[in-house]
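Scroll down for the structure; my scribbles are underneath it.
By convention in this document, chain letters (A, B, ...) are assigned in the order of the sequence lines, proteins followed by strands, and residues within each chain are numbered from 1. The model shown is predicted, which means the values in this text are computed figures rather than measured ones.
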There are 2 protein chains.
Amino acid sequence: MDTASRVFGRVPPAPPTLADVAERAGVSRQTVSNAVNNPDLLRADTLLRVQEAIDELGYSPNRAARNLRTRASHLIGLRIQPVQEGTANALMDRFVHSLVDTSREAGYHVLLFSGDPIDPLAGYDDLLRSTAVDAFVVTDTYLGNPQAAWLGARRAPFVAFGRPWDMPAASHPWVDVDGAAGCELATSHLLDKGHERVAWIGWRKDSFIGEDRRAGWSRAMRARGLPTSGLASRVEDTVSSGRGASAVLLDEAQPSAFVCASDTLAMGVLRTLSERGLTPGRDVAVVGFDDSQVAQVVDPGLTSVRQPLEDVAVEVVKALEGLLGHPPVVNPGVLLTPTLAVRGSS
Amino acid sequence: MDTASRVFGRVPPAPPTLADVAERAGVSRQTVSNAVNNPDLLRADTLLRVQEAIDELGYSPNRAARNLRTRASHLIGLRIQPVQEGTANALMDRFVHSLVDTSREAGYHVLLFSGDPIDPLAGYDDLLRSTAVDAFVVTDTYLGNPQAAWLGARRAPFVAFGRPWDMPAASHPWVDVDGAAGCELATSHLLDKGHERVAWIGWRKDSFIGEDRRAGWSRAMRARGLPTSGLASRVEDTVSSGRGASAVLLDEAQPSAFVCASDTLAMGVLRTLSERGLTPGRDVAVVGFDDSQVAQVVDPGLTSVRQPLEDVAVEVVKALEGLLGHPPVVNPGVLLTPTLAVRGSS
DNA sequence: CTGTTGTTCTTGATCGATCCAATGCATCAG
DNA sequence: CTGATGCATTGGATCGATCAAGAACAACAG
């Protein structure tokens with residue numbers, strides 16, 4: 001009795017191959033292959049016979065063999081960011097879910113890999129050269145995406161979730177959420193409720209995304225002829241920054257509502273309100289961004305801009321299918337409009 | 001000019017193969033293969049020459065070919081739960097990160113797949129039969145894991161994150177976090193601070209995990225000779241249940257501290273406290289479980305039991321390496337002790 | 001009857017790596 | 001000088017699928 005038998009009780013049976021099915025159905029290997037990949041090439045009765053044999057044997061094509069021959073793995077590489085306890089994670093989680101579901105429908109699986117924080121390209125290179133994945137989904141383009149340029153140069157197929165902010169003419173497909181539209185939506189929602197002095201708390205000026213979202217707020221304000229000066233603050237993305245900024249704004253500009261670039265900042269606003277005995281939603285309205293977990297469990301509920309990540313995933317996969325098709329098609333960028341999850345805070 | 005050239009500008013060069021390297025280094029294919037996989041079989045100078053050739057050509061072994069021959073994919077399948085906006089997600093996110101990092105060090109990549117909510121086994125079967133993955137990591141064992149039994153029957157290598165509660169004699173490797181120890185730790189922490197009436201808010205009795213955590217609380221109480229009767233409540237895992245349960249307990253049993261089976265429940269307690277004008281941490285102490293995002297951003301900070309997911313990932317990979325080794329080794333179950341993240345609420 | 005066309009199925013080669021068995025070549029004991 | 005031993009390297013077969021031709025056969029026009 002060999003080692004495997006001792007441990008497992010018996011040797012696991014070798015999975016059936018194409019040849020096994022062929023023999024059983026009384027046809028050639030190629031015919032079985034066609035039954036699987038091009039059923040309409042077979043005569044109806046032959047197809048049926050082959051399919052019966054496939055079912056009886058429980059045959060499933062060996063991925064490695066197929067990949068070797070077709071030079072495709074049907075895997076999509078997704079690099080996950082270094083761990084950081086923040087909103088970004090929960091967001092990514094939703095996106096990953098959607099991406100996995102959507103790609104499965106398209107016949108792809110998602111392969112995760114982690115980046116070396118020092119050399120973000122290391123992981124890509126390895127997977128690419130060993131032909132382990134067919135394409136990549138790149139998510140952290142907000143950093144001025146070096147990987148987009150790098151992947152482009154290597155002619156590696158990839159789709160970005162996030163606009164190429166610093167390279168508007170980039171020729172790769174991308175999908176993004178229109179943050180400006182989201183904040184405009186949030187602001188208009190507040191204005192419709194009768195608020196006139198709506199303040200903005202956002203990120204520092206060097207953030208493309210932050211400036212984009214801010215633009216949505218000021219656009220909505222201007223559209224109603226309302227002033228924006230003195231009503232905006234740009235800080236770090238932390239709860240305490242949001243708390244500090246909102247305290248200052250309340251003292252100096254007396255806003256009746258806040259639109260924030262993130263739920264984290266909005267949490268800070270809520271804290272300031274509770275410190276001052278103000279009730280969110282009644283005395284002062286607050287809107288966050290990302291519809292994170294906290295927005296849902298915090299006391300009156302935090303109204304928040306929700307990114308349509310399910311739709312993003314669909315568009316990403318659509319673009320991937322284009323890239324990997326014959327002939328390859330490079331889809332143009334897609335911009336999706338977020339929705340507003342209205343809760344007690346507004 | 002063919003289609004690819006028209007789209008890409010030029011045809012991407014075929015990646016170098018083992019034979020290319022062999023030719024360049026003036027050795028046989030097998031020698032190059034050995035240089036990669038068994039370097040100590042080569043004479044030092046030959047090895048050097050081969051490695052130079054590898055570097056010059058930028059050679060990386062073709063994964064598909066290797067997988068075909070070795071009957072291994074070096075991929076680990078991880079099924080992600082159907083999307084549910086809850087604590088579980090953030091937890092999984094941390095775990096997935098750790099798992100990806102740890103498995104990379106062991107030479108494995110993580111393949112995500114989603115389960116059909118109706119037939120949770122569908123995804124497994126597909127991947128298993130097509131030899132797409134070498135093993136699985138199973139995470140949702142709290143449901144009385146049908147997949148564990150199923151995978152076991154198919155002799156598919158897998159490691160569970162979570163004990164086989166309903167089948168203590170199960171012969172598969174597993175890794176779990178000792179929830180009882182965590183709650184004991186939390187309770188002792190409160191008792192050390194001088195609290196004597198520490199209440200418990202947990203899940204309904206049919207949850208193995210819930211009862212396990214509860215046992216930690218009662219163990220700690222009994223160890224100091226303190227009574228537990230009337231101090232426990234079992235409810236649904238929602239904020240409002242936690243709010244309701246804590247209100248009742250405060251009225252009927254006057255506890256000075258709460259230990260909760262989840263951060264969600266703890267959030268409910270915090271809400272009750274704020275409704276009654278009580279300050280968490282000063283008037284009444286609260287401890288949650290899972291150290292979720294909300295625990296960190298909520299007002300005074302929520303003390304919470306933190307699962308050592310990084311360590312879990314390490315143990316899971318260790319067990320996987322055992323299963324996939326030659327000969328395979330089935331590691332016994334591993335139980336890890338959580339830590340306590342102390343914040344303002346206690 | 002021959003040649004063309006089209007459908008259906010089969011055969012041999014191939015993808016790029018590793019496994020296996022064998023070879024060349026020193027070294028060294030008898 | 002012969003044969004045994006060990007090390008470094010090699011050539012052929014193989015994993016299981018798909019690709020690229022070609023073969024067998026029927027239908028049908030000339």
Side-chain angles (χ1 to χ4, degrees), chain A residues 12-51 53-54 57-75 107 126 128-132 134 326, chain B residues 12-51 53-54 57-75 107 126 128-132 134 326:
Chain A
T17 72
L18 218 145
D20 297 332
V21 178
E23 193 183 13
R24 176 159 197 133
V27 296
S28 71
R29 305 187 320 274
Q30 184 61 41
T31 301
V32 179
S33 175
N34 285 336
V36 174
N37 300 307
N38 301 84
D40 47 339
L41 284 182
L42 301 201
R43 217 171 46 208
D45 60 330
T46 318
L47 178 58
L48 197 67
R49 211 169 63 233
V50 174
Q51 280 176 333
I54 289 178
L57 293 176
Y59 168 76
S60 210
N62 180 307
R63 288 270 221 294
R66 170 179 285 179
N67 294 350
L68 174 59
R69 188 69 245 234
T70 61
R71 298 164 170 283
S73 65
H74 287 268
L75 292 183
D126 176 36
L128 193 57
R129 294 196 313 184
S130 62
T131 60
D134 291 347
H326 298 288
Chain B
T17 72
L18 202 85
D20 297 331
V21 178
E23 194 183 13
R24 177 160 197 131
V27 295
S28 70
R29 304 189 318 278
Q30 185 60 42
T31 301
V32 179
S33 175
N34 286 335
V36 174
N37 301 307
N38 302 84
D40 46 340
L41 284 182
L42 300 201
R43 218 170 44 208
D45 61 329
T46 315
L47 179 59
L48 197 67
R49 211 169 62 233
V50 174
Q51 280 175 334
I54 288 178
L57 293 176
Y59 168 76
S60 211
N62 180 308
R63 286 269 219 299
R66 169 179 286 180
N67 294 349
L68 174 58
R69 187 68 247 235
T70 61
R71 298 163 172 283
S73 65
H74 286 267
L75 292 182
D126 176 36
L128 193 57
R129 294 197 312 184
S130 62
T131 60
D134 291 346
H326 298 289

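With sequence neighbours excluded, no residue satisfies salt bridge (Lys or Arg N to Asp or Glu O under 4.0 Å) with A/Arg66. Annotation: side-chain hydrogen bond (donor to acceptor under 3.5 Å, both in side chains) contacts of A/Thr70 (sequence neighbours excluded): none. Residues forming a side-chain contact (heavy atoms from CB on, under 4.5 Å) with A/Asn34 (at least two apart in sequence, or on another chain): A/Gln30, A/Asn38, A/Leu41, A/Leu42. For A/Ser130, the side-chain hydrogen bond (donor to acceptor under 3.5 Å, both in side chains) partners are B/Arg63, not counting sequence neighbours. In this structure, the side-chain hydrogen bond (donor to acceptor under 3.5 Å, both in side chains) partners of B/Arg24, at least two apart in sequence or on a different chain, are B/Glu56. By the salt bridge (Lys or Arg N to Asp or Glu O under 4.0 Å) test, B/Arg71 is found to be paired with no residue, residues two or more places apart in sequence or in another chain being considered. For B/Arg49, there are no salt bridge (Lys or Arg N to Asp or Glu O under 4.0 Å) partners at least two apart in sequence or on another chain. Residues that satisfy the salt bridge (Lys or Arg N to Asp or Glu O under 4.0 Å) test with B/Asp40, not counting sequence neighbours, are absent from this structure.
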What one-letter contact string describes nucleotides 14-21 of chain D from 5' to 3', where B marks a base within less than 4.0 Å of any protein heavy atom, S marks contact via sugar-phosphate atoms alone, and - marks no contact? BBBBBBB-
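The CD atom of A/Glu23 sits 9.0 Å away from atom OG1 of A/Thr17, with the distance rounded to the nearest 0.5 Å.
In terms of modelled atom types and a separation under 3.5 Å, the side chain of B/Ser73 and the main chain of B/Asn67 share no donor-acceptor contact. The main-chain N or O of A/Asn62 is never found under 3.5 Å from a side-chain atom of B/Thr131 such that the two would form a donor-acceptor pair.
Using five terminal pairs a side, the axes of the helix from C/dC1-D/dG30 to C/dG30-D/dC1 at its two ends make an angle of 70°, given in steps of 10 degrees.
Across all their heavy atoms, A/Arg29 and A/Ala22 have their closest contact at N-CB, 3.7 Å.
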Short heteroatom pairs, N/O only, protein and nucleotides 24-27 of chain C, under 3.5 Å:
none

Which atoms of nucleotides 5-7 of chain D (N or O only) lie under 3.5 Å from a protein N or O atom, and what are those distances?
none

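When distances run from any side-chain atom of A/Ser28 to the nucleotides D/dT9, C/dT11, D/dT10, the shortest one goes to C/dT11.
Protein atom CZ of A/Arg43 is 12 Å distant from nucleotide atom P of D/dA27, rounded to whole Å.
When side chains are defined from C-beta on, B/Ile54 counts as touching B/Val36, because their heavy atoms get closer than 4.5 Å.
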